[in-house]
A.B. asks: 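One structure, pasted below without further comment.
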Amino acid sequence: MRRLLPEPAGSIDVTEAYAAALGRHPDRPWVNVCMIAALDGSVAVDGRSGGLSGATDRAVLRRLRAVADVIIVGASTARVEGYGPPSKPGQRVGVVTSSGNVDATSELFTSGRGFLVTSDDAAFEVPDGVDVVRAGTGRIDLPAAIARLATLVEGCRVIQSEGGPTLNSALLAADLVDELDLSTAPCTVGTAGTTAAGSAGTGPAGEHLHRFELAQLAVDDESYLFARWVRRR
Ligand SMILES: NC(=O)c1ccc[n+]([C@@H]2O[C@H](COP(=O)([O-])OP(=O)(O)OC[C@H]3O[C@@H](n4cnc5c(N)ncnc54)[C@H](OP(=O)(O)O)[C@@H]3O)[C@@H](O)[C@H]2O)c1
């Protein structure tokens, strides 16, 4: 990739461009969101993100996964994207769900690397052998859940949300997103209303104004754009 900001670089390796998370918190894990969106904001082609992706974007995702201690995904994304166990030793994948509608027989869970994130009063039965992080009554208290992840995964410093939009919008509404690693695919798709961080109908409860600063901007030869944004606090 070619870096345009902060210091222009004619050719820079993805590993170097995404060497580390953009910050750390002393008291809770750093949360970054990793997503790809089309020029019109669409986040899926035929219901999955793969159709938007390119070789550099896949390398960025691999690199960001290598930096994270825990990955979290919404239950829909876990279902449609077919999440398996992570390749990084010790890393775990948390599936956020209120309904418990997850495939506990998938390798993600049978490997012991997947776990559930839900509320204290969620009505579903947690499958045998699956760890669960609970926080909140009536709805998932995401700040508390994020704080509790550190007890489930020792030394957890960086949590990566890989979406989807529903989970991302809840994280943003709770002002938990410290870093946004957003790839832009050079196409339009026309998936009306759904964007990287919410969908039409998310409603005013999720409305907010959180400012981010551009920490890095890069491009590749396929016209993809790779931005790293950090929350201005
Ligand atoms: N372009 C990209 O980078 C990218 C990345 C990821 C996903 N995607 C695409 O996005 C689409 C899926 O996104 P989505 O927005 O529909 O779903 P999502 O965020 O993956 O999952 C939504 C589900 O997760 C659970 N959930 C999420 N946040 C929650 C919260 N705060 N409290 C309680 N439960 C919560 C609920 O599960 P229950 O219903 O089980 O309670 C909810 O129905 C797919 O098409 C996928 O391919 C694209």
Side-chain angles (χ1 to χ4, degrees), residues 31-54 56-58 60-62 64-65 71-83 93-104 106 108-109 114-127 130 132-146 149 159-177 180-203 205-206 224-227:
V31 179
N32 79 294
V33 165
C34 170
M35 289 289 286
I36 185 165
L39 295 172
D40 60 1
S42 302
V43 293
V45 181
D46 292 334
R48 298 182 63 175
S49 60
L52 293 172
S53 197
T56 314
D57 175 62
R58 286 190 288 276
V60 166
L61 178 61
R62 278 196 301 276
L64 284 168
R65 281 182 174 167
I71 289 165
I72 54 172
V73 283
S76 301
T77 294
R79 280 191 292 267
V80 299
E81 302 282 350
Y83 267 71
V93 177
V95 178
V96 181
T97 179
S98 291
S99 71
N101 180 11
V102 298
D103 180 4
S106 67
L108 174 62
F109 291 106
F115 65 95
L116 300 177
V117 180
T118 194
S119 60
D120 287 320
D121 55 353
F124 67 88
E125 200 164 317
V126 176
V130 175
V132 60
V133 169
R134 292 184 182 274
T137 305
R139 61 177 191 83
I140 302 174
D141 180 340
L142 283 172
I146 294 290
L149 283 182
I159 295 174
Q160 169 151 295
S161 169
E162 298 187 359
T166 304
L167 175 59
N168 289 344
S169 70
L171 290 168
L172 281 163
D175 200 7
L176 282 167
V177 179
L180 246 170
D181 293 299
L182 189 60
S183 301
T184 305
C187 59
T188 61
V189 179
T191 319
T194 304
T195 64
S199 50
T202 300
Y224 281 77
L225 198 64
F226 303 93

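When a ligand or atom number is given, it counts from 1 through the structure's own listing order.
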A.B. asks: Below 4.5 Å, heavy atoms only, C-beta onward: do I159 and S161 meet side chain to side chain?
C.D. replies: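 Sidechains of S161 and I159: no contact.
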A.B. asks: Is the shortest side-chain heavy-atom distance between E162 and L61 below 4.5 Å?
C.D. replies: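 Result yes, sub-4.5 Å side-chain heavy-atom pair found.
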A.B. asks: Would you give the length of the straight line joining atom CG of L182 to atom CG of L225, rounded to the nearest 0.5 angstrom?
C.D. replies: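 So the CG of L182 and the CG of L225 are separated by 8.5 Å.
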A.B. asks: Compute the minimum heavy-atom distance from R48 to ligand 1 and say whether it is under 4.0 Å.
C.D. replies: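 Checking ligand 1 against R48, which is what was asked, there is a heavy-atom contact under 4.0 Å.
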A.B. asks: Quick one, C187 with L52, criterion side-chain contact (heavy atoms from CB on, under 4.5 Å). Give me CA distance, side-chain angles, the key distance, then yes/no.
C.D. replies: CA-CA 8 Å; C187 59; L52 293 172; 3.8 Å; yes
A.B. asks: Between S99 (side chain only) and N101 (backbone N and O only), is there a donor and an acceptor less than 3.5 Å apart?
C.D. replies: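 Present.
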A.B. asks: Is there a side-chain contact between F115 and V95 in this structure, where contact means two heavy atoms from C-beta onward sitting under 4.5 Å apart?
C.D. replies: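 Not in contact.
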A.B. asks: Taking N or O atoms only and a 3.5 Å limit, does G47 qualify as a polar contact for ligand 1?
C.D. replies: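 Yes, there is a polar N/O contact under 3.5 Å.
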A.B. asks: Please identify which atoms of ligand 1 are closer than 4.0 Å to at least one heavy atom of A44.
C.D. replies: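 Those of ligand 1 that fall under 4.0 Å from A44 are 45 (O).
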A.B. asks: I'd like the name of whichever of A37, S99, S42 reaches closest to atom 38 (P) of ligand 1 through any heavy atom.
C.D. replies: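 Checking each option, the heavy atom nearest atom 38 (P) of ligand 1 is found in S99.
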A.B. asks: Ligand 1 versus S98, non-hydrogen atoms closer than 4.0 Å: side chain, backbone, both, neither?
C.D. replies: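 Under 4.0 Å from ligand 1, S98 contributes backbone and side-chain atoms.
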A.B. asks: Under 3.5 Å between some N or O of ligand 1 and some N or O of L52?
C.D. replies: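 Min N/O separation from ligand 1 is not below 3.5 Å for L52.
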A.B. asks: Which bit of E81 is near ligand 1, meaning a heavy atom under 4.0 Å away: side chain, backbone, both or neither?
C.D. replies: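 Only the side chain of E81 comes within reach of ligand 1.
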A.B. asks: Does some side-chain heavy atom of T77 sit less than 4.5 Å from a side-chain heavy atom of L167?
C.D. replies: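 Counting from C-beta outward, L167 and T77 never come under 4.5 Å.
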A.B. asks: Please identify which atoms of ligand 1 are closer than 4.0 Å to at least one heavy atom of A170.
C.D. replies: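 Heavy-atom distances to A170 below 4.0 Å select 31 (N).
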A.B. asks: Report yes if the side chains of V96 and T118 come closer than 4.5 Å at any heavy-atom pair, otherwise no.
C.D. replies: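 A side-chain contact under 4.5 Å is absent here.
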A.B. asks: Report, in ascending order of atom number, the atoms of ligand 1 lying under 4.0 Å from any heavy atom of S49.
C.D. replies: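 Counting from 1, the qualifying ligand atoms are 1 (N), 2 (C), 4 (C), 47 (O), 48 (C).
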A.B. asks: Hey, looking at atom 30 (C) of ligand 1, which of V102, T97, V96 has the closest heavy atom?
C.D. replies: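 Answer by nearest heavy atom: V96.
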A.B. asks: Considering both backbone and side-chain atoms of T77, is one of its nitrogen or oxygen atoms within less than 3.5 Å of a nitrogen or oxygen in ligand 1?
C.D. replies: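 There is such a contact, yes.
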A.B. asks: So is V73 in contact with ligand 1, going by heavy-atom distances below 4.0 Å?
C.D. replies: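 Heavy atoms of V73 never come under 4.0 Å of ligand 1.
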A.B. asks: Should L167 be counted as touching ligand 1, given the test is an N or O pair under 3.5 Å?
C.D. replies: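 N/O-N/O distance below 3.5 Å exists for this pair.
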A.B. asks: Is any side-chain heavy atom of M35 less than 4.5 Å from a side-chain heavy atom of V43?
C.D. replies: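 A side-chain contact exists here, since the closest heavy-atom pair is under 4.5 Å.
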A.B. asks: Does V73 reach the side chain of Y83, with side-chain heavy atoms less than 4.5 Å apart?
C.D. replies: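 Touching, per the 4.5 Å side-chain cut-off.
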A.B. asks: With a cut-off of 4.0 Å, which atoms of ligand 1 are near a heavy atom of E162?
C.D. replies: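 Within the 4.0 Å cut-off of E162, ligand 1 contributes 5 (C), 6 (C).
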A.B. asks: Flag the pair R134 / L116 as yes when at least one side-chain heavy-atom distance between them is below 4.5 Å, and no otherwise.
C.D. replies: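 Counting from C-beta outward, R134 and L116 never come under 4.5 Å.
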A.B. asks: Looking at ligand 1, does any of its N/O atoms fall within less than 3.5 Å of an N/O of M35?
C.D. replies: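 Min N/O separation from ligand 1 is not below 3.5 Å for M35.
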A.B. asks: Does ligand 1 come near enough to N101 that some N or O of the ligand is less than 3.5 Å from an N or O of the residue?
C.D. replies: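 No, no N or O pair falls under 3.5 Å.
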A.B. asks: Any N/O of I36 closer than 3.5 Å to an N/O of ligand 1?
C.D. replies: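 I36 vs ligand 1: N/O contact under 3.5 Å present.
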A.B. asks: Closer than 4.0 Å to some heavy atom of G164 - which atoms of ligand 1 meet that?
C.D. replies: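 It comes down to these atoms of ligand 1: 6 (C), 7 (C), 13 (O), 15 (O), 18 (P), 19 (O), 20 (O).
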A.B. asks: State whether the shortest distance between N or O atoms of A75 and N or O atoms of ligand 1 falls below 3.5 angstrom.
C.D. replies: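 By distance alone, the answer is yes.
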A.B. asks: Say you draw a straight line from CG of L64 to SG of C34; how long is it, rounded to the nearest 0.5 Å?
C.D. replies: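 Between L64 CG and C34 SG, I get 5.0 Å after rounding to 0.5 Å.
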A.B. asks: Counting from 1, what ligand 1 atoms have a heavy atom of P165 closer than 4.0 Å?
C.D. replies: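 Taking each heavy atom of P165 in turn, ligand 1 has 10 (O), 13 (O), 14 (P), 15 (O) under 4.0 Å.
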